[in-house]
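Nothing fancy with the numbering, it's 1 onward along the sequence.
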Amino acid sequence: MPDASLLIPMIGLLAVIGAVAGVIAGLLGVGGGIVLVPAFFYAFGALGYGGPQLMQVCLATSLATIVVTSLRSVMAHNKKGAVDWEILRTWAPAIGAGAVIGVFTASALKSVTLQAIFGVLGIIVGLYMAFGKVHWRLGSEMPKGAKRAGFGGIVGFLSVLMGIGGGSFGVPLMSLYNTPIHRAVATASGFGMTIAVPSVLVFLFLPVEGAPPFTLGAVNMPAFALIFAMTMITTPWGVKLAHAMDPKPLKRVFAVFITLVALNMLRKVLGY
């Protein structure tokens, strides 16, 4: 077990990170996972746990917290009448299928490969958040048929490879197809359930070599419990802020933060 002098500060750090992740999930609809995955990676590494499958633990634990965060967020948004349940219902099967494929793909990859994937996709998400324009359009309404299945599968698949709830891809996708931003944020918060629930159920039965103590399958239960407690408190705060303010300035700051985190992840992959 890690030394108490290192473990106690790390618990405090994870609690703060969990609180921030909850606010971000409700405010920006990007999911707290984009903060949690690198936080878990550095925290577990600082405690002396590494190995070729550490990123699987980070992804699975992040997704486990998103089950709770997403449910809390979507119900809070629903009270304000902002969730488009038609989009959520019709896109859920494809997103869930893509998520399950993503789990089996992630389980077959080495930690360093998943770090590289997170880094590249994180930069793309950060750049879109920083420079994406609200008037950009790919169509006047959300796709249906084969295009919906394809886009939905990609959202679920890529979200699992990053350990996030789908908002980072879902919000831009809905915005590009003419969904108002507040409705897109609210609806994307529900994507997390369709991604996290099936993927976590699979991750629970995938043993990981060299995992931290008290890890069930690939989900680290102490980290999950701590983040769960904090996000239950702070996610509704983010929802209230989302409906009370213009999130654009904060979104740009967050975009810079995510880009720097992703670049740092790539730096470690390259051995610098």
Among residues two or more places apart or on two chains, list those pairs meeting side chain to side chain donor-acceptor pair (under 3.5 Å) that have a residue in residues 94-113. none
Kindly indicate, with the supporting measurements, whether the criterion side chain to side chain contact (heavy atoms under 4.5 Å, CB included) is fulfilled by Val197 and Leu201. CA-CA 6 Å; Val197 170; Leu201 288 174; 4.2 Å; yes
Results of side-chain contact (heavy atoms from CB on, under 4.5 Å) for Met230 - residues two or more places apart only: Ala15, Ala19
Would you give me the side-chain donor-acceptor pairs under 3.5 Å for residues 116-139, sequence neighbours excluded?
{"residue": "Arg137", "atom": "NE", "partner": "Asn178", "partner atom": "OD1", "Å": "3.0"}
{"residue": "Arg137", "atom": "NH1", "partner": "Val134", "partner atom": "O", "Å": "2.6"}
{"residue": "Arg137", "atom": "NH1", "partner": "Ser175", "partner atom": "O", "Å": "2.9"}
{"residue": "Arg137", "atom": "NH2", "partner": "Val134", "partner atom": "O", "Å": "3.4"}

Please report the closest heavy-atom contact between Gly165 and Ile66, naming both atoms and the distance. N-CD1, 3.4 Å
Would a distance-only check, ignoring hydrogens and angles, find a side-chain to backbone donor-acceptor pair under 3.5 Å from Thr194 to Ala92? no
Are Leu109 and Val112 connected in a single hydrophobic cluster, I mean Ile/Leu/Val/Met/Phe/Trp/Tyr linked by side-chain heavy atoms less than 4.5 Å apart? no
With sequence neighbours excluded, residues passing ring-ring contact (aromatic ring centres under 6.0 Å, His included) with Phe40: Phe44
Would you call Pro212 and Leu47 a side-chain contact if the rule is heavy atoms closer than 4.5 Å? no
With side chains defined as the heavy atoms from C-beta onward, is the minimum distance between Phe169 and Phe151 less than 4.5 Å? no
Identify the heavy atoms of Val171 and Ala188 that sit nearest to each other, and give their distance. CG2-CB, 3.5 Å
Only pairs at least two apart or in different chains count here, so list each side chain to side chain donor-acceptor pair (under 3.5 Å) that has a residue in residues 213-222. Thr215-Asn220
Is it true that Leu206 and Tyr49 fall in one hydrophobic cluster, defined by side-chain heavy atoms closer than 4.5 Å? yes
What one should report as the nearest heavy-atom pair of Ile195 and Gly156 is CG1-CA, 4.1 Å
Sequence neighbours excluded, the answer for side-chain contact (heavy atoms from CB on, under 4.5 Å) partners of Ala43 is Met10, Leu14
Just how far is it from atom OG1 of Thr90 to atom CD1 of Ile95, taken to the nearest 0.5 Å? 8.5 Å
Interatomic spacing from CG in Leu54 to CG in Leu114 - rounded to 0.5 Å: 10.0 Å
Value for CZ (Phe203) from CG (Leu216), rounded to nearest 0.5 Å, stands at 13.0 Å
Thr187 (side chain) donor-acceptor with Ala184 (main chain) under 3.5 angstrom: no
Separation between CG of Leu59 and OG of Ser199, rounded to the nearest 0.5 Å: 9.5 Å
So Trp91 and Leu173, do their side chains get closer than 4.5 Å, heavy atoms only? yes
Cut-off 3.5 Å, no hydrogens considered: what does the side-chain donor-acceptor table look like for residues 254-265, sequence neighbours left out?
{"residue": "Thr259", "atom": "OG1", "partner": "Ala255", "partner atom": "O", "Å": "2.8"}
{"residue": "Asn264", "atom": "OD1", "partner": "Arg267", "partner atom": "NE", "Å": "2.8"}
{"residue": "Asn264", "atom": "OD1", "partner": "Arg267", "partner atom": "NH2", "Å": "2.7"}
{"residue": "Asn264", "atom": "ND2", "partner": "Tyr42", "partner atom": "OH", "Å": "2.8"}

Testing the basics here: between Ala218 and Val208, what is the closest heavy-atom pair and its distance to 0.1 Å? CB-CG2, 3.5 Å
Listing request: all salt bridge (Lys or Arg N to Asp or Glu O under 4.0 Å) pairs with a residue in residues 141-169, at least two apart in sequence or in separate chains. none
Provide the closest heavy-atom pair for Met162 versus Val37 in the form atom of the first, atom of the second, distance. O-CG2, 3.2 Å
Taking side chain to side chain donor-acceptor pair (under 3.5 Å) as the cut-off, I'd like each qualifying pair that reaches into residues 56-65, sequence neighbours left out, listed once. none
Applying side-chain contact (heavy atoms from CB on, under 4.5 Å), can you list everything that pairs with Leu71, at least two apart in sequence or on another chain? Met75, Met193
Which pairs with one or both residues in residues 89-100 pass salt bridge (Lys or Arg N to Asp or Glu O under 4.0 Å), sequence neighbours excluded? Glu86-Arg89
Check whether any side-chain heavy atom of Pro143 sits under 4.5 Å from a side-chain heavy atom of Tyr177, and report yes or no. yes
Donor-acceptor pair, distance only, cut-off 3.5 Å: does the side chain of Gln115 make one with the backbone of Val269? no
Suppose we screen for side-chain contact (heavy atoms from CB on, under 4.5 Å). Which residues come up paired with Ile154, at least two apart in sequence or across chains? Leu158
Between NE2 of His77 and CG of Asp84, what distance do you get to the nearest 0.5 Å? 13.5 Å
Closest heavy-atom pair, Val67 versus Ala196, reported as atoms and distance to 0.1 Å, is CG2-CB, 3.5 Å
